[in-house]
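What follows is a single structure, written as structure tokens, with notes after it.
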Amino acid sequence: MAMKIGNEPFKERVSSGLGDSFMRGAVSSAQERLRNGRLKAAEDLGDWEEWRKLGEEIRSHTIENLDYYLELLSENVANRGGHVFFAETPEEANDYITNVIKNKKGKKVVKSKSMVTEEINMNEALEKAGCEVVESDLGEWILQVDDHDPPSHIVAPALHKNKEQIRDVFKNKLGYDKSEKPEELALFAREKLREEFLQADIGITGCNFAIAESGTISLVTNEGNARMVTTVPKTQITVMGMERIVPTWEEMEVLVSLLTRAAVGQKLTSYITALTGPKQEGEVDGPEEFHLVIVDNGRSKILGTAFQSILHCIRCAACINVCPVYRHVGGHSYGSIYPGPVGAVLSPLLGGYEEYKELPYASTLCAACTEACPVKIPLHEHLLRHRQEIVEKEGKAPVFENLSMKAFSMGSASPVMYNIGSKLAPTTLAPFTKDDKISNGPGPLKNWTEIRDFPAPKKDRFRDWYKNRKKEGNEDDYR
């Protein structure tokens with residue numbers, strides 16, 4: 001499966017994340033910093049809730065009229081001399097991109113950060129076809145040099161590494177001989193990547209927002225690498241998820257204002273790049289050939305369903321930056337290149353419940369993600385809806401859980417059975433009880449009691465106590 005990372009079972013991934021003290025510390029620190037930055041930037045903007053409402057309206061209108069705006073975008077890209085390809089599957093997208101590169105006799109590809117290319121596993125497909133693919137985003141490049149370590153965060157892919165680890169990666173893989181100072185590490189990376197830009201035959205980017213009215217592709221970055229990717233190589237390929245589109249420049253400006261504040265707490269990032277097709281007559285910079293690959297990969301199946309609003313996502317990661325589950329287990333635990341609450345909703349839709357049925361349960365349902373989302377996606381409601389579908393429609397609830405729920409239903413529906421069950425509970429759980437607490441529970445209590453105590457059932461039940469009070473003539477005290 002294209003967007004899957006790792007082959008370990010979910011519980012093993014979670015256990016690994018819980019055991020990585022450095023990662024947990026790094027994530028906690030980053031979450032706090034990014035969250036505080038978002039709150040400050042939102043306060044500076046004015047009425048943040050009105051902006052969120054406007055963002056929700058823009059995304060809702062666009063997705064409800066997606067076919068119209070995609071056709072308009074396609075026409076305007078073509079009118080400017082660009083080529084548009086609609087890919088239903090990752091394989092179709094990768095085949096098209098590979099053929100473009102082969103036709104141009106390209107050997108080296110330099111690319112800017114793109115989640116959708118991670119989703120379709122583009123790098124691996126191109127490498128199998130004989131291409132060298134170089135990531136130019138600093139975080140992505142560090143992970144690529146480090147034996148293709150997958151990203152753990154949508155905005156900050158190398159969040160799980162510290163500067164000492166990065167120094168060691170550069171030293172072991174690239175012969176770096178300086179310190180772990182960020183300035184020296186960044187300078188080394190800049191010098192190495194500059195050579196790659198100048199040697200590249202093909203440039204590949206993602207897309208933050210495509211502007212339908214003009215056929216423009218916009219990129220929101222902080223490093224300037226995307227401008228090099230789109231300026232130096234003679235052929236540019238942009239890969240975008242089919243929902244990453246806005247009607248006009250006006251809506252693009254609103255969503256960029258929300259994106260930069262929600263993602264990293266900035267009023268504006270260092271670079272907002274807008275590209276409209278290949279270089280025109282009289283223009284100095286830009287590619288000679290431009291291709292836009294629009295990826296479906298299951299998105300069209302979400303349209304018209306109760307989950308449609310997940311397509312409103314602008315990939316800011318604000319939900320990830322407030323999620324208490326992500327804070328403890330990290331991004332790799334999700335087994336998908338989309339981690340956190342957005343990943344727990346989106347991954348099962350794109351990849352299926354068979355692969356990602358655990359993710360909707362990796363949530364406290366505290367709704368912090370919904371509150372943080374700049375376009376008001378009801379993420380916690382979608383997680384609940386997933387759980388409902390997993391049990392009722394898919395029948396994929398664990399066998400023990402099914403049996404437990406059926407037993408509880410039978411016991412609680414009958415007064416006689418409930419009475420018997422409540423009397424037997426203290427005796428049944430006695431082997432696991434110490435000091436009125438269960439610290440190593442059986443069955444569904446096991447995961448709970450590994451990290452917290454569960455109160456043991458009392459031998460003296462409330463109904464027995466109340467019955468005795470009535471006999472003693474004291475029931476008036478409790479009316």
Side-chain angles (χ1 to χ4, degrees), residues 3 10-11 13-14 17 31 35 49 52-53 55-56 59-60 63-64 154 243 262 298-299 301-331 333-336 338-409 412-413 443-448 451-452 454:
M3 66 183 182
F10 176 70
K11 288 185 178 179
R13 299 196 305 264
V14 169
Q31 278 190 321
R35 175 181 173 275
E49 289 307 309
R52 289 181 73 211
K53 183 179 178 182
E56 179 188 29
R59 294 303 290 145
S60 179
I63 299 304
E64 287 171 3
I154 289 176
E243 80 282 15
R299 288 163 172 79
K301 294 179 181 178
I302 302 173
L303 293 171
T305 72
F307 294 102
Q308 179 169 297
S309 64
I310 192 61
L311 296 177
H312 297 180
C313 178
I314 58 175
R315 302 293 190 271
C316 66
C319 61
I320 296 174
N321 297 335
V322 297
C323 179
V325 175
Y326 179 90
R327 177 181 293 240
H328 287 287
V329 303
S333 297
Y334 291 82
S336 166
Y338 295 118
V342 63
V345 175
L346 186 60
S347 298
L349 295 171
L350 299 183
Y353 287 129
E354 194 66 40
E355 193 67 53
Y356 296 111
K357 65 179 181 295
E358 296 95 348
L359 296 192
Y361 295 91
S363 169
T364 62
L365 298 180
C366 63
C369 50
T370 297
E371 181 184 356
C373 178
V375 291
K376 302 185 72 171
I377 301 171
L379 290 162
H380 72 292
E381 294 178 11
H382 285 326
L383 291 169
L384 276 172
R385 190 170 291 113
H386 268 312
R387 296 183 187 188
Q388 182 180 357
E389 295 209 355
I390 287 169
V391 173
E392 295 181 0
K393 294 184 180 181
E394 299 292 324
K396 294 187 182 298
V399 174
F400 190 87
E401 180 181 315
N402 272 331
L403 294 175
S404 299
M405 291 299 103
K406 286 179 180 179
F408 179 79
S409 177
S412 60
L445 291 179
K446 181 172 177 57
N447 288 339
W448 175 282
I451 56 175
R452 57 176 69 82
F454 192 85

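We number each residue from 1, following the sequence as shown. If you're wondering where the values come from, they're calculated on a predicted model, not measured in any experiment.
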So CD1 of I320 and OH of Y326: to nearest 0.5 Å the spacing works out to 6.0 Å
Whether S60 side chain and E56 backbone form a donor-acceptor pair below 3.5 Å: no
Between Y353 and H386, is the gap from one ring center to the other below 6.0 Å? yes
Could you tell me whether the side chain of Q31 reaches within less than 4.5 Å of the side chain of V322, counting heavy atoms only? no
Can you sort out the partners of Y338 under side-chain hydrogen bond (donor to acceptor under 3.5 Å, both in side chains), two or more places apart, ordered by chain and number? E119
Could you give the distance from CG (L365) to CG (L384), rounded to the nearest 0.5 Å? 4.5 Å
Within this structure, what is the CG-CZ distance for the pair N321 and R35, rounded to the nearest 0.5 Å? 10.5 Å
All heavy atoms of Q308 vs all of G304, minimum pair found to be OE1-N, 2.6 Å
Which atom names give the shortest non-hydrogen contact between Y356 and S336, and what distance separates them? CE2-CB, 3.8 Å
Between CZ on residue R387 and CD1 on residue I390, distance to nearest 0.5 Å: 8.5 Å
Say whether, by atom type as modelled, one donor and one acceptor occur between the side chain of E355 and the main chain of G351 under 3.5 angstrom. no
Nearest atoms (heavy-atom pairs only) where C313 meets R59: O-NH2, 4.2 Å
Once salt bridge (charged side-chain N to carboxylate O under 4.0 Å, His left out) is applied, what residue pairs with a partner in residues 338-348 remain, sequence neighbours excluded? none
Does a donor on one side chain and an acceptor on the other come within less than 3.5 Å for H328 and S333? no
Which heavy atom of F307 sits nearest a heavy atom of I302, and at what distance? O-CG2, 3.5 Å
Side-chain donor-acceptor contacts of residues 371-381 below 3.5 Å, not counting sequence neighbours, with atom names and distances?
from: H380; atom 1: ND1; to: T370; atom 2: OG1; distance (Å): 2.8

On a heavy-atom basis, which atom in V325 and which in A362 lie closest, and how many Å separate them? CG1-O, 3.5 Å
Rounded to the nearest 0.5 Å, how far does CG of L349 lie from CD of E389? 8.5 Å
Give, for atom CG of L350 and atom CZ of R299, the distance between the pair rounded to the nearest 0.5 Å. 5.5 Å
With sequence neighbours excluded, residues passing side-chain hydrogen bond (donor to acceptor under 3.5 Å, both in side chains) with S363: none
Work out which heavy atom in F10 is nearest to a heavy atom in L359; give both atom names and the distance. CE1-CD2, 3.9 Å
Set of side-chain hydrogen bond (donor to acceptor under 3.5 Å, both in side chains) partners for R52, sequence neighbours left out: E49
Please collect all salt bridge (charged side-chain N to carboxylate O under 4.0 Å, His left out) contacts where either partner lies in residues 308-321, sequence neighbours excluded, each pair once. E243-R315
